[in-house]
Number of protein chains: 2
Amino acid sequence: MPHAVTLQEVADAAGVSVATASRALSGKNRVAADTVAKVRAVAAELGYRVDPIARALREGSTRIVGMIVPVIGNPYFAQLVDAVEHELHRAGFELLLADSHGELAEESRRLTVFGDRKVDGIVIVPSHRQRSAGALRAVGAEIPLVQIDRSAGVSLADYVGVDNEIGLALALEHVHERGARSLVYVGADDVTSSGVERWNAFDRTVDREAVAVGEPFRGDFSLATGAAAADALVARGELPDAVIAASDLIALGLIGRLREHGVEVPRDLLVTGFDGTELSQVLAPTLTTVVQPIEAVAADAIGFLLSRVAGSTAPVRSSRVAPTLLVGGSTTR
Amino acid sequence: MPHAVTLQEVADAAGVSVATASRALSGKNRVAADTVAKVRAVAAELGYRVDPIARALREGSTRIVGMIVPVIGNPYFAQLVDAVEHELHRAGFELLLADSHGELAEESRRLTVFGDRKVDGIVIVPSHRQRSAGALRAVGAEIPLVQIDRSAGVSLADYVGVDNEIGLALALEHVHERGARSLVYVGADDVTSSGVERWNAFDRTVDREAVAVGEPFRGDFSLATGAAAADALVARGELPDAVIAASDLIALGLIGRLREHGVEVPRDLLVTGFDGTELSQVLAPTLTTVVQPIEAVAADAIGFLLSRVAGSTAPVRSSRVAPTLLVGGSTTR
DNA sequence: CCGCAGAGTGCAATCGATTACGCAAAGCTT
DNA sequence: AAGCTTTGCGTAATCGATTGCACTCTGCGG
């Protein structure tokens, strides 16, 4: 094993002390120009690279950011992780990933580990709208933390997410325009902030549109919920003109299962999704969906986080990114 | 900020030296039973937790494993990451995740960073069947490394993946049984080992089944490839009895786009997928697909890796896990 | 009663980098 | 030319845990 080059070796080879070598490389202290050049040259030749661990011990900073998501298996979160990872790498940070599987205990355990590992910051999609708050507050007091997509309280820590109000309004106006007068909402329960917000947004906005509203169906954001909702809808007998789903997975699960029941979308029923995942745009019918600007959300969140990491003590911020509507086949007949 | 408790503080509180405190907590050295009890009690009371960074510096071991995947956005890889992460946590390791986006340069950059960060091991899905070999060999000489799903040479480092030969045979026999006599393969190009292996497996096995074979369509493993293949198939004019797809995404993209062309699966054409992602089982028609036992693959891979981490110098191993066939609607009329 | 084994601890070095402090030499001022 | 500032660099402390070596003390055989 080629034994990693240490600063000591570079210093020796350059004929200076470790202190000078360190300063020459970091460049932020007064060192003679020739010395800097010399040290840099030697370092390059020897292939020297700082040991991040030694540096972390000394500095108390790891240049690692931890991220916790509820289910990496959900393509939306996968894309979110991708975007976050991209932003972090751009800024020279690594990503430590953990999956809470939606469990509070696991979530708080991972948070603790992140704390012990002295990550510089944490990006979290809280698993519970309220019960995640305790652990978040505790860890957030020590380490910069940003909530993304979901929140456990916007006063708790910086938050970046989509504006669900706008999203639902876009979907509702769209189906209204397409003639839908009776609607059913299929979304997630009140465990997550998105679940609550989207439902509330639907509930409020739908009044404005003055249409008939059927009993909502609420589970989680998964395909399974969509499928179960399809069964329920069919069992009810009378189909609404349109279903507003709170996620693409729900919409896809719904459309798929409806088809098994002989109900075709958009022929018998219009459906809109939420998220704008890649997936929703390739299957037939393509989904009319509220597109979340994932890259923008990730960029904002990492922006917040890194400014905190850099020491900002600005008041807690909360940013809502406006979604757009992508019209696809599921509402076009 | 509650200033993390250090070993020194525990030692002081317990009236012993740091050395003794360390030994008492690690338990593997001779320390009087009372002392051990005392130190443990004090440590618990103070809420002491070792600083993983200090330990890492001293030990040269981080208890972190790095993982590189080509596209986290592909649900198959998302599930793989999930399974790997689960196995690692069980063993007390953290997961540092990186996405190579299928780019060689990025992949090798990430590998270097992992090396610098002194991860204890690396799990990689090599982005290129051959060109990934160099970087892998270099890093693998320093750090335990296991290839998963794809390989850049099974003699290079431990490898765990699915048995593609069996997988394709299962799919082929199945559609043959269902009466398909003319087939077309839609898969990935020769850039990845899975791409090559699945194509070769198809090519060899299809001979045995003695059927008519159309020009294959090869791109990558994505939805887009499936969609493009659908266009191509329709353009050719004559449809085969069945299409064997090399991934679920391909199959889904294909089915979706075919539908837009007015071609229904399974009515006009049978389709099989590969991977057994959750996704493939909820949409209509549900996919007949070769199911990869992802948990088993992950468990094997982490098993290999951790045995290396523990010091095993056994010869390079290569494990092939047998897939199973899940029959769904896409081949059932 | 001496000597030796071995249990139980502590001292101090170590991992590799960063940095406060101090010293020497060079540059400037009057 | 004496006195001061500035520049450049080295010494050593520091981050927190682990561990080789050495020391003390008890117990037991001879």
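Each chain gets a letter, A, B and so on, in the order its sequence line appears, and its residues count up from 1.
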- Query: Is B/Arg110 reaching over with its side chain to a backbone N or O of B/Asp99, donor-acceptor style, under 3.5 angstrom?
  - Reply: no
- At under 4.0 Å between heavy atoms, which parts of nucleotides 17-28 of chain C does protein reach? Answer with one letter per nucleotide, 5' to 3': B base, S sugar-phosphate only, - none. BBBB--------
- Message: Rounded to whole Å, please give me the gap between CG in A/Leu57 and C1' in D/dT14.
- Response: 9 Å
- Backbone of A/Ser151 reached by a side-chain donor or acceptor of A/Arg129 within 3.5 Å: no
- Nearest heavy-atom neighbours spanning A/Ser155 and A/Val316: O-CG2, 3.9 Å
- Task: Specify the separation, in whole Å, of atom CG of A/Asp12 and atom P of C/dG16.
- Result: 13 Å
- Query: Under 4.5 Å between any side-chain heavy atoms of B/Val39 and B/Val10, yes or no?
  - Reply: yes
- Message: Both B/Ser17 and B/Lys118 contact DNA chain C. Which one's nearest nucleotide lies toward the 5' end?
- Response: B/Ser17
- Message: Check whether B/Phe304 forms a cation-pi arrangement with B/Arg317 (NZ or CZ under 6.0 Å from the six-membered ring centre, at most 45° off the ring normal).
- Response: yes
- Distance, rounded to the nearest Å, where B/Leu25 contributes CG and D/dT18 contributes P: 8 Å
- Separation between CD (A/Gln147) and CG (A/Asp158), nearest 0.5 Å, reads 8.5 Å
